[in-house]
Amino acid sequence: MDKVRLAFIGCGGICKGFHARNLKDFEDVEVVAVADPVEERREQIAAMFGTKRLYKNHTELYDREDKSTVDAVYIMVEPTAHTDTELRAIDLGLPFMVEKPMTLDIGLAERIVKGVAEKNLITSCGFQDRYLDVMNLVKEELPRHKPGGLVYGAWVGGVPGVWWWQKRSTCGGQLYEQTIHILDGLRYLFGEAIDVYATASRGIVDADTAHSGVSYDTDDHSTAVIRFPNAVTATLVSGCYLTDASGGAFSGIRVTLSDMTIEYRLRDRVTFTTKRETREVRKSPIEHGIAADRAFINAIKSGDGSGIKSPYSDGIKSLRLGLAANESMETGKVVRL
Ligand SMILES: NC(=O)c1ccc[n+]([C@@H]2O[C@H](COP(=O)([O-])OP(=O)(O)OC[C@H]3O[C@@H](n4cnc5c(N)ncnc54)[C@H](O)[C@@H]3O)[C@@H](O)[C@H]2O)c1
């Protein structure tokens, strides 16, 4: 295959600012079809790639395209818009990359995993931090030490400006929509969680100051306590109440081992500290998002998906853990995984 022919479903923020920007420089990629109900968005992306086939939504696109015209699909819609966006790709035998969190409906996610396995399709989820060099340095360092200890994960900032983020019913809450990158990182580093207990608080963010004309009703901050194997206990905090995010709030992962502390600052750097020394490594300028998109495109070309660090069958485990934390916030009970 000379060039991988892609179709884009959803031409909003993550498409324009991330995947389209990354893929634009890939000489072995062409975007042959795009879909978005918002005309201006689909036209902007089509203009970037010289795309001629523009559709109003995923249904129109799947009605007119198939394996003879498209090699793979990028699905970049909001969390509640994953109706049959993946199931129709599966029916057509089309591999897909899908943005996190891939749905709020775990039953749908289970059907997708089953369909993908039956058709043996290559998939990738938008957990691109698994491709970060500094995240992988942490992963390499951990087995050199006695396992076990305290872990602190955090994602703290302001309220994102897209309409669907304002409501828990359309984004799933901050832990599920945003901090899920850290939660997925914890799974990547420490394995599968045993159980989770979580609480949430409201009252700091004023519903009337909401973005995009939709009033805000989700949690301002939450704390989840997650037990992992090997005596690892993580506290995972999420906060979206900051009005001035430059105040130095910590986002990232801190690991306290018996003989070393590791501090990974979100998408920036990692510091390894022992009694004798402190070693800091900054993230390389090579964009980890490009590495993630490259891994997917290479897999489509070769038919070998082993270079993909977050196939759907793995990504669904982060959804399950995030939903378990949400359940605990609602019931006040520990949820076993
Ligand atoms: N991996 C990351 O770091 C990262 C960062 C930001 C957003 N995201 C995720 O990407 C997804 C999209 O986020 P966004 O910020 O781009 O949102 P957005 O609202 O800017 O864009 C979503 C787009 O999908 C379109 N859409 C909705 N239904 C459609 C359909 N049936 N067919 C075609 N298009 C449709 C909408 O019109 C909109 O333009 C979310 O799940 C979000 O969590 C991931």
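Counting convention: from 1, in listed order, for ligands and their atoms alike.
Listed by number with element, the atoms of ligand 1 under 4.0 angstrom from any heavy atom of Ile9 are 32 (N), 33 (C). Close contacts between ligand 1 and Gly10 involve ligand atoms 24 (O), 25 (C), 33 (C), 34 (N) [criterion: under 4.0 Å to a heavy atom]. With ligand atoms numbered from 1 in the order given, ligand 1 contributes 12 (C), 22 (C), 23 (C), 24 (O) to contacts under 4.0 Å with heavy atoms of Met76. Atoms of ligand 1 lying under 4.0 Å from at least one heavy atom of Gly126, given by number and element, are 1 (N). Against a heavy-atom cut-off of under 4.0 Å, Ala81 is close to the following atoms of ligand 1: 28 (N).
The shortest N or O to N or O distance between Val38 and ligand 1 is not below 3.5 Å. The N/O atoms of Lys100, backbone and side chain alike, include one that comes under 3.5 Å of an N/O atom in ligand 1. For the pair Arg41 and ligand 1, the shortest N or O to N or O distance falls below 3.5 Å. Polar contact with ligand 1: present for Gly13 (N/O pair, distance under 3.5 Å). In terms of N/O distances under 3.5 Å, ligand 1 is not approached by Val162.
Contacts of Arg144 classified as salt bridge (Lys or Arg N to Asp or Glu O under 4.0 Å), with partners at least two apart in sequence or in another chain: Glu141.
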Item to check | Derivation of the ring-ring contact (aromatic ring centres under 6.0 Å, His included) call for Tyr55 and Tyr62 | outcome: CA-CA 10 Å; Tyr55 302 106; Tyr62 285 130; 9.7 Å; no
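Here the side chain of Asp293 pairs no donor or acceptor atom with the backbone of Leu23 at under 3.5 angstrom. Checking side-chain atoms of Tyr264 against main-chain N and O of Arg267 turns up a donor-acceptor pair under 3.5 Å. The backbone N or O of Ala324 lies less than 3.5 Å from no partner atom in the side chain of Ser328, so there is not a single donor-acceptor pair. Although no hydrogens or angles enter the test, the distance criterion places a donor-acceptor pair under 3.5 Å between the side chain of Arg202 and the main chain of Asp217. Side-chain atoms of Arg42 come within 3.5 Å of backbone atoms of Asp36 as a donor-acceptor pair (strictly under, hydrogens ignored). Side chain of Thr51 to backbone of Arg53: no donor-acceptor contact under 3.5 angstrom is found. Side chain of Gln166 to backbone of Pro160: a donor-acceptor contact under 3.5 angstrom is found.
Closest protein heavy atom to atom 3 (O) of ligand 1: Gln128 NE2, 2.9 Å. In terms of protein heavy-atom proximity, atom 6 (C) of ligand 1 is closest to Ile14 CD1, 3.6 Å. Atom 23 (C) of ligand 1 has Asp36 OD2, 3.6 Å as its closest protein atom, hydrogens excluded (heavy atom only). Here the protein heavy atom with the shortest distance to atom 29 (C) of ligand 1 is Val77 CG1, 3.6 Å. Considering only non-hydrogen protein atoms, atom 33 (C) of ligand 1 sits nearest to Ala35 O, 3.6 Å. Among protein heavy atoms, atom 2 (C) of ligand 1 sits closest to His181 NE2, 3.4 Å. Scanning the protein for heavy atoms near atom 21 (O) of ligand 1, the closest one is Gly12 CA, 3.3 Å. In terms of protein heavy-atom proximity, atom 27 (C) of ligand 1 is closest to Glu78 OE1, 3.4 Å.
Across the listed options His58, Lys56, Arg42, His58 owns the non-hydrogen atom lying nearest to atom 30 (C) of ligand 1. In this structure, of Glu177, Arg267, Glu99, the residue bringing a heavy atom nearest to atom 42 (C) of ligand 1 is Glu177.
Within the 4.0 Å heavy-atom criterion, the part of Trp164 lying near ligand 1 is the side chain and not the backbone.
Contact between Pro101 and ligand 1 is present, with at least one heavy atom of the residue lying under 4.0 Å from the ligand. Remark: distances from the non-hydrogen atoms of Gln178 to ligand 1 are all 4.0 Å or more.
Here Phe8 and Phe49 bring their ring centres to under 6.0 angstrom of each other.
At least one test fails for Lys333 against the ring of Tyr197: distance under 6.0 Å to the centre or angle within 45° of the axis. Taking the ring centre of Tyr216 as origin, the terminal cationic atom of Lys167 falls outside the region bounded by 6.0 Å and 45° from the ring axis. For the pair Arg187 and Phe190, the cation-pi test (distance below 6.0 Å, angle within 45°) is failed.
The salt bridge (charged side-chain N to carboxylate O under 4.0 Å, His left out) test with Asp184 is passed by exactly one of Lys309, Arg320, Arg130, Lys100: Arg130.
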